[in-house]
Amino acid sequence: MSCYNRLMTTGTSLLEGLNPAQKEAVETVDGPLLIVAGPGSGKTRVITHRIAYLVREYGISPYNILAMTFTNKAAREMRERLDRLVGSRSDSLTVGTFHAFCAKLLRWDGEHLGLASNYSIYDADDQASLIKQSMEIADLDPKRNPPRAVLSTISKAKSQMWDSQTFAKNADSYFEECCARVYHHYEELLTRNNAVDFDDLLMKSVQLLKGFPEIQKKYQDRYQYIMVDEFQDTNVAQYSLARLLGESHQNICVVGDPDQSIYSWRAADIRNILSFQRDYPASKTITLDQNYRSTATILDAAKSLISINGQRIQKDLFTDNSKGELIEVREAYDEGDEANFVIGEASRLVREQGFKAGDCAIMYRVNAQSRALEEACLHRGTKYRLVGGIRFYKRREVKDLMAYLHMVYNPNDDVNLGRVINVPPRGIGAKSMQQLADHAQRQNQGMFAAMQDIAAARLAGEPCPVSITARAATSIADFAVTMEKLIELSKQAPVVDLVDLVLEETGFRSFIQGSDDQPQERLENILELRNTAQEFNAETPPDGLATLLERLSLVADVDNYEDDDDSITLITLHQAKGLEFPVVFMVGMEEGLLPHSRSMDSEDQLEEERRLCYVGMTRAEKRLYLTRAFRRSLMGNTQAGPASRFLRDIPTELIASGSGSANSGIGERANRRSDDNSASQLSSQRSARRSSWSDWQAPTPIINRNQPTASRPKLQVGDSVRHASFGEGVVTACDVTAADTEVTIEFEGGVGQKRLLLSFAPLEKIS
């Protein structure tokens, strides 16, 4: 008997090894259920074991179970575990991201909304292109109204389930009125192209279920048990989708943690999880509060930090893990010194303490912070990988090939047509394309249909129906004939064969090979995309192409994250959600970065910034470093920033005394923790924080608090000085500005050269 069969014969095996709360969650089957899952509490195990329990112990058909999450990576991990727990029956389960589920829903029944099943999904670049076209039609100046801001505003409207008419009625500023005009044309262009954007996948799915009761009943009858992961990250549309699907049977289980809600900028609404018990009065709540990931020290520090927030569900996290190492809080002069310390310390941990480079992650608030870290890695010869750099599917040649495939699948897709019409170059100029577009608009047809008209006229020996040059007409007709051939072949050819045909018939492979710009690397990227297509080769044409395009359109940065023993990971705090590392460095712990400057005027935004810090801290398993710089050059500006207010929320006893930040200031609330988290007490704590934080400055080393001007020593080159941490040294340079004095000091005892600001540094002149 195989190991798998032995597992299947024991009914209790699904519950073995679960703690009491996990076991209760798995065994709670019927009715609405809220699982509040703290970080590292084994929520994925609970979700997958609960699904397996429904199938194996409760007799629910896998066909009737739906599980939705937020990233392909999480969905893939869930699917792999279910394959082991349920076996071949797991193929009938519906497991995937919200967007992937909605994409299938619209392929099956989108025709009720006028959406053909071969629709395109536009990524961020495609959306930007369409927004620019829409702004031109609306006669809106892109210099005064940045397209990205317009697109963001429209995206937020869609997440609220507002179409362009509803948005226009609710516009309360001139900018929003302009966006409403653009939104109207943007909708029209999407419809003309038979395309949707990411937000449409959600909004149109909700519209479909709301507007067509028979469709809603069809999916309610199928999905009788629904599970939603990361429920704290749902927006209005996602919440509505889950509620509409589970409305009749109420067997909806949601898993999440308000303390990890960090995506309001993409319209996630923390109120969805906070109000679940109100919206489902019969619901049961189970809290997973045992942490299996972090040391007790790291967990206690994170708990102390997050307890300040008011928008949360109270839970008392605990762990049976060891106390572990104290938290290191380090301060540097600037981002360069900070990066050198972090990369150097990571190298030391690898060299001296048995960690691997892949165990170390450096997390930051904004992408621009990676520059100094990358430079430090390059300077030291340290291997690293940057999550969120130029993604594989964003590379030019990959996007071009995908554009061809999109056109084969959806000939109405003008955006992708515009991308490849001159790849390879065909001598079709911008003027000819504009005349073609004008003709298509007059005929109320897509641009490819207009191209087919030109090809048909040439074949019949008739005049060209569009006023363009003979050369352009010939090139356009040839292109149309080639694409018509590929469209026909796509109905029979497996997807990999179709990729090969596109490469040859369009001349794209020869174009890449003859390029002066890294032809071998670009060809390898093309072949890598072909390898991806191989996964869908067994599907019946053209379903394989549809699945491939859907997968590639919905891929995200973190989806391709895989462990790598040899490389340090550089990643933003937002992208780090869902990951874990033995060693975490959180850099940029300064006011204006974390919390971000945009959050300063909003209590809700400050709470989210604290949650973001909490998420970063709870990614760490064994070691946690928090670093800051006194001066930072970022996006063209150089400025000094005080230490993050979040540092003082960490009790002193949890910080290593030798780390340089375990004295005054940090941890001032160590003895103020209380089990009484009433709203009034939390409110008074937050008010006290707001009134006092600006008076608090960073603790001593590397550089200390502002010194009063009168007490600052007057230094010149050659003076001997003493520093509270670095010891004695000699001033080798003084750079006086209107705001401050920067001194360069060569310290003794192997400390070496340091650049310090006189207004901060605890320096004493030695006679």
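Model, not experiment: these values are computed from the prediction.
Of the candidates Met407, His406, Met402, Lys399, Arg419 forms a side chain to side chain contact (heavy atoms under 4.5 Å, CB included) with just one, namely Lys399. Screening Val254, Ile47, Leu241, Leu66 for a side chain to side chain contact (heavy atoms under 4.5 Å, CB included) involving Val228 leaves a single residue, Val254. When Asp257, Asp259, Asp233 are each tested for a salt bridge (Lys or Arg N to Asp or Glu O under 4.0 Å) with Lys577, only one passes: Asp233.
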Val150 vs Cys179, side-chain contact (heavy atoms from CB on, under 4.5 Å): CA-CA, chis, key distance, verdict: CA-CA 6 Å; Val150 174; Cys179 290; 4.1 Å; yes

Derivation and outcome, side-chain hydrogen bond (donor to acceptor under 3.5 Å, both in side chains), residues Gln232 and Glu230: CA-CA 5 Å; Gln232 77 280 348; Glu230 303 288 7; 2.7 Å; yes

Working for ring pair (Phe, Tyr, Trp, His ring centres under 6.0 Å), residues Tyr122 and Tyr186: CA-CA 12 Å; Tyr122 281 176; Tyr186 181 64; 8.5 Å; no

Steps toward side-chain hydrogen bond (donor to acceptor under 3.5 Å, both in side chains) verdict (Asp163, Tyr183): CA-CA 8 Å; Asp163 59 17; Tyr183 188 0; over 6 Å; no

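Note on ring orientation: taking the six-membered ring where Trp is involved, the planes of His574 and Tyr263 are tilted (angle from 30° to 60°).
Side chain to side chain, Ser599 and Glu609 fail the donor-acceptor criterion of an N or O pair below 3.5 Å. With no hydrogens or angles considered, no side-chain donor-acceptor pair links Asp126 and Ser129 at under 3.5 Å.
If you take CZ on Phe276 and CD1 on Ile313, they are separated by 10.5 Å, rounding to the nearest 0.5 Å.
The cationic group of Arg243 lies under 6.0 Å from the six-membered ring centre of Tyr280 and within 45° of the ring axis, placing it in a cation-pi geometry.
Under a 4.0 Å N-O distance rule, the pair Lys284/Glu24 qualifies as a salt bridge. No salt bridge links Asp414 with Arg192; every basic N to acidic carboxylate O contact stays at or beyond 4.0 Å. Using a 4.0 Å cut-off between charged nitrogen and carboxylate oxygen, Glu214 and Lys217 do not count as a salt-bridge pair.
The environment of Arg551 atom CZ is sparse: at most 12 non-hydrogen atoms of other residues, nucleotides or ligands sit within 6.0 angstrom. In Arg598, the CZ atom is not crowded: 12 or fewer heavy atoms of neighbouring residues, nucleotides or ligands sit closer than 6.0 Å. In Lys218, the NZ atom is crowded: over 12 heavy atoms of neighbouring residues, nucleotides or ligands sit closer than 6.0 Å. Counting non-hydrogen atoms of neighbouring residues, nucleotides and ligands closer than 6.0 angstrom, the NZ atom of Lys156 reaches no more than 12 such neighbours. The number of heavy-atom neighbours closer than 6.0 Å to CG of Asn444, taken from other residues, nucleotides and ligands shown, is 12 or below. Applying the 6.0 Å contact sphere to CZ of Phe212 captures more than 12 heavy atoms from other residues, nucleotides or ligands. Taking a 6.0 Å sphere around CZ of Arg45, one finds it holds more than 12 heavy atoms contributed by other residues, nucleotides or ligands. For Glu188, the CD atom sits in a packed shell: over 12 heavy atoms of surrounding residues, nucleotides or ligands are nearer than 6.0 Å.
Contact check for Val95 versus Arg76: no side-chain heavy atoms found under the 4.5 Å cut-off.
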